[in-house]
Amino acid sequence: MTQAEFDQGGVTIRRGCRTLTTAGRVTIAGVRLSLLNSQGITIDSTVLAHARARSPWYAPEGYVLLTMEKALYLLKPRDGRGQALVNSLRGAGARS
């Protein structure tokens, strides 16, 4: 695996009404975005061209809505850096 360009831990990852992990990790390495659980096992992974992140007005502050192909995830970074996550995903997508 190449060196991660973006790596943020302590992320709560939800899909629908189900919480998948409360201490997950979001990484961008090369042109690939990965969601990992607290043990480092991949929850979902896709190329950046198929991922979209945004902070919708209707979501609580600090939450990020992430669409990976057809799957929809709600992410909440523990340190409240949701906008930093959105900006990193947009920047990485522009570079690919």
Side-chain angles (χ1 to χ4, degrees):
M1 185 172 187
T2 63
Q3 180 67 26
E5 298 169 16
F6 178 81
D7 189 356
Q8 186 170 10
V11 179
T12 299
I13 302 173
R14 298 183 65 181
R15 184 166 182 195
C17 294
R18 183 174 178 204
T19 300
L20 301 176
T21 183
T22 57
R25 182 170 294 283
V26 178
T27 61
I28 299 174
V31 296
R32 196 135 197 94
L33 168 68
S34 299
L35 299 178
L36 308 168
N37 68 8
S38 58
Q39 298 164 342
I41 298 171
T42 303
I43 295 171
D44 200 353
S45 180
T46 189
V47 293
L48 288 171
H50 296 152
R52 193 175 103 198
R54 58 196 161 115
S55 295
W57 63 268
Y58 53 83
E61 188 170 337
Y63 279 83
V64 175
L65 193 60
L66 176 66
T67 306
M68 295 176 69
E69 295 183 8
K70 294 184 180 179
L72 188 68
Y73 295 96
L74 187 62
L75 309 178
K76 170 85 167 83
R78 185 177 299 155
D79 56 4
R81 293 181 45 218
Q83 191 58 43
L85 176 62
V86 171
N87 293 339
S88 296
L89 290 173
R90 287 182 183 158
R95 286 192 304 268
S96 63

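Note that the coordinates shown come from a computational prediction; the quantities given were computed from them, not determined experimentally.
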Minimum heavy-atom separation for [X] and [Y], please, with both atom names.
X: Glu5; Y: Gly30; result: OE2-N, 3.4 Å
X: Leu66; Y: Ala53; result: CD1-CB, 4.0 Å
X: Gly62; Y: Lys76; result: O-CD, 4.1 Å

Quick test of your reading: applying salt bridge (Lys or Arg N to Asp or Glu O under 4.0 Å), list the pairs with at least one residue in residues 38-53, sequence neighbours left out, ordered by first then second residue.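 Listed by first then second residue: nothing to list.
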For Tyr58, the rest of its hydrophobic cluster, which grows through side-chain links under 4.5 angstrom: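 Under the 4.5 Å side-chain rule, Tyr58 groups with Trp57, Tyr63, Leu65, Leu72, Leu74.
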Got a sec, which residues hit side-chain hydrogen bond (donor to acceptor under 3.5 Å, both in side chains) with Arg14, two or more places apart in sequence or on another chain?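 Arg14: no side-chain hydrogen bond (donor to acceptor under 3.5 Å, both in side chains) contacts found.
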So, using side chain to side chain contact (heavy atoms under 4.5 Å, CB included) as the criterion, who are the partners of Thr22 when residues are at least two apart?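 Applying side chain to side chain contact (heavy atoms under 4.5 Å, CB included) to Thr22 gives Thr12, Thr19.
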Side chain to side chain contact (heavy atoms under 4.5 Å, CB included) involving Gln39 - partner list, sequence neighbours excluded: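 Asn37, Ile41.
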Atom pair [atom1]/[atom2] of [X] and [Y] - distance to nearest 0.5 Å:
X: Ile13; Y: Arg18; atom1: CD1; atom2: CZ; value: 12.5 Å
X: Leu35; Y: Ser45; atom1: CG; atom2: OG; value: 8.0 Å
X: Gln8; Y: Thr27; atom1: CD; atom2: OG1; value: 11.0 Å

Please enumerate all residues that pass salt bridge (charged side-chain N to carboxylate O under 4.0 Å, His left out) together with Arg32, with sequence neighbours excluded.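 In terms of salt bridge (charged side-chain N to carboxylate O under 4.0 Å, His left out), with neighbours along the sequence ignored, Arg32 is linked to no residue.
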Identified side chain to side chain contact (heavy atoms under 4.5 Å, CB included) counterpart of Val26 within the set Val64, Leu36, Leu33: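 Of the listed residues Val64, Leu36, Leu33, the side chain to side chain contact (heavy atoms under 4.5 Å, CB included) partner of Val26 is Leu33.
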